[in-house]
Amino acid sequence: MDTVTPHTDTAGLRARWQAALTAAGAAAGRDPAPYADRLLDAWAQPQRRYHTTAHLADVLARIDVLAAHAADPAAVELAAWFHDAVYRPDRSENEERSAAMAERALPELGIDPGRTAEVARLVRLTVTHDPAPGDTNGEVLCDADLAVLAGAPAAYAAYAAAVRAEYGFVPDDAFRAGRAAVLRQLLGLPRLYRTPYGREHWEDPARANLAAELAALGPRA
């Protein structure tokens, strides 16, 4: 199954990248445009169906909603840019390689070592989406990344179809079993969302969507 990636305003994303660097204290004189080019090219690679520039734009929009909860919104926003910058659905080291990309690029742009380390930590946190208590930056990034689970039924169905398309190389039975395990693991969590906004607005619809997808996979999944 193939999907069509929604049009994404790359000009708007480029402007947002510039603003994020400014907010994070990037050094003057270093041209950020080539870095934006490389990141946007990475997010637009052909193997992607869900982890696209549309997903990046959506996560950034969700961060806007949650930013007041974060201790360092600038670090969270930069982490969003890098969190799936490396993405191969057949590999397990995507987050680590994405974090390493941030660790290389941000010092070149004049971002201080402490904030660079925080960005890389947040990228690595998206392996588990399990921030520690009090990790408000992690809570915001993880909630923004998982906000797609709380979409309207049609939007959630498009998300699920895009995920299946990314794993098109996996046979149906194996995909159904693996996907069901992921859904059960998510439904078994005490909370999907850690921010107050996420708990209030996204928890119930996300659980309904996950349960409906799991039921649609059938009893043998």
Side-chain angles (χ1 to χ4, degrees), residues 8-45 48 51-88 91-147 193-198:
T8 304
D9 177 13
T10 56
L13 285 172
R14 289 173 189 280
R16 180 143 191 169
W17 169 249
Q18 173 68 71
L21 290 173
T22 300
R30 174 71 73 168
D31 184 3
Y35 295 84
D37 291 341
R38 287 195 287 272
L39 281 167
L40 291 171
D41 285 348
W43 280 91
Q45 289 168 341
R48 297 169 182 255
H51 295 89
T52 64
T53 52
H55 171 59
L56 170 61
D58 185 62
V59 171
L60 292 170
R62 302 297 187 177
I63 288 172
D64 287 343
V65 174
L66 304 173
H69 184 71
D72 187 351
V76 175
E77 179 149 349
L78 288 175
W81 274 90
F82 285 97
H83 82 286
D84 283 321
V86 177
Y87 183 75
R88 288 284 302 273
R91 303 287 177 86
S92 62
E93 71 276 11
N94 293 318
E95 292 85 1
E96 180 58 36
R97 292 178 64 197
S98 295
M101 181 186 292
E103 289 170 330
R104 291 190 302 271
L106 294 178
E108 293 176 0
L109 287 160
I111 302 300
D112 69 76
R115 184 166 272 147
T116 294
E118 176 65 356
V119 171
R121 181 190 73 82
L122 291 169
V123 172
R124 292 183 173 104
L125 184 60
T126 61
V127 174
T128 62
H129 291 94
D130 188 18
D135 179 7
T136 57
N137 291 337
E139 290 174 349
V140 169
L141 180 63
C142 291
D143 277 17
D145 198 25
L146 295 180
Y193 301 101
R194 308 298 180 86
T195 64
Y197 186 96

Taking atom [atom1] of [X] and atom [atom2] of [Y], what is their separation to the nearest 0.5 Å?
{"X": "Thr53", "Y": "Gln45", "atom1": "OG1", "atom2": "CD", "result": "11.5 Å"}
{"X": "Leu78", "Y": "Thr116", "atom1": "CG", "atom2": "OG1", "result": "8.5 Å"}
{"X": "Arg104", "Y": "Glu108", "atom1": "CZ", "atom2": "CD", "result": "8.5 Å"}
{"X": "Leu66", "Y": "Thr136", "atom1": "CG", "atom2": "OG1", "result": "11.5 Å"}
{"X": "Asp84", "Y": "Leu56", "atom1": "CG", "atom2": "CG", "result": "9.0 Å"}
{"X": "Leu141", "Y": "Thr195", "atom1": "CG", "atom2": "OG1", "result": "11.5 Å"}

What are the two closest heavy atoms between [X] and [Y], and how far apart are they?
{"X": "Ala144", "Y": "Val59", "answer": "CB-O, 3.8 Å"}
{"X": "Ala85", "Y": "Ala42", "answer": "O-CB, 3.3 Å"}
{"X": "Pro131", "Y": "Cys142", "answer": "CD-SG, 4.1 Å"}
{"X": "Trp43", "Y": "Ala80", "answer": "CZ2-O, 3.7 Å"}
{"X": "Pro32", "Y": "Leu21", "answer": "CB-CD1, 3.4 Å"}
{"X": "Val123", "Y": "Glu95", "answer": "CG1-O, 3.6 Å"}

Pair listing, ring pair (Phe, Tyr, Trp, His ring centres under 6.0 Å) test, anchored in residues 11-32, at least two apart: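 For residues 11-32: Trp17-Trp81.
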Partners meeting salt bridge (charged side-chain N to carboxylate O under 4.0 Å, His left out) with Arg88 (sequence neighbours left out):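 Salt bridge (charged side-chain N to carboxylate O under 4.0 Å, His left out) list for Arg88, sorted by chain: Asp90.
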Residues Thr128, Leu125; criterion side-chain contact (heavy atoms from CB on, under 4.5 Å); working and verdict: CA-CA 6 Å; Thr128 62; Leu125 184 60; 4.0 Å; yes
Qualifying side-chain hydrogen bond (donor to acceptor under 3.5 Å, both in side chains) pairs with a residue from residues 24-34, counting only residues at least two apart or across chains: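 Of all non-adjacent pairs touching residues 24-34, none passes side-chain hydrogen bond (donor to acceptor under 3.5 Å, both in side chains).
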Pairwise side-chain contact, Val76 with Glu118, heavy-atom cut-off 4.5 Å (strictly under):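 Of all side-chain heavy-atom pairs linking Glu118 with Val76, none is under 4.5 Å.
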Within 6.0 angstrom of Arg38 CZ, more than 12 heavy atoms from elsewhere: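 Counting neighbours around CZ of Arg38, more than 12 heavy atoms of other residues, nucleotides or ligands fall under 6.0 Å, so yes.
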With Phe82 via ring pair (Phe, Tyr, Trp, His ring centres under 6.0 Å) - residues at least two apart: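 Applying ring pair (Phe, Tyr, Trp, His ring centres under 6.0 Å) to Phe82 gives none.
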Qualifying residues under side chain to side chain contact (heavy atoms under 4.5 Å, CB included), relative to Glu96, sequence neighbours excluded: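 With sequence neighbours excluded, Glu96 shows a side chain to side chain contact (heavy atoms under 4.5 Å, CB included) to Arg124, given in chain and number order.
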Check ion pair Arg194-Asp130 (N to O, under 4.0 angstrom):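 Yes, charged N to carboxylate O under 4.0 Å.
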Pairing of Arg14 and Asp37 as salt bridge, 4.0 angstrom limit: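 Salt bridge flag = yes for Asp37 with Arg14.
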Donor-acceptor pair, [X] side chain versus [Y] backbone, under 3.5 Å?
{"X": "Asp135", "Y": "Gly138", "value": "yes"}
{"X": "Ser98", "Y": "Val86", "value": "yes"}
{"X": "Thr52", "Y": "Arg48", "value": "no"}
{"X": "Asp143", "Y": "Tyr193", "value": "no"}

Pair His83 and His55, ring centroids less than 6.0 Å apart: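 So the answer is yes for these two rings.
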Pairs where residues 61-78 contributes a residue and the test salt bridge (charged side-chain N to carboxylate O under 4.0 Å, His left out) is met, not counting sequence neighbours: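 Qualifying pairs, neighbours excluded: Arg16-Asp64, Arg16-Glu77, Asp58-Arg62, Asp72-Arg115.
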Glu103 and Val119: CA distance, side-chain angles, deciding distance, side-chain contact (heavy atoms from CB on, under 4.5 Å) verdict: CA-CA 8 Å; Glu103 289 170 330; Val119 171; over 6 Å; no
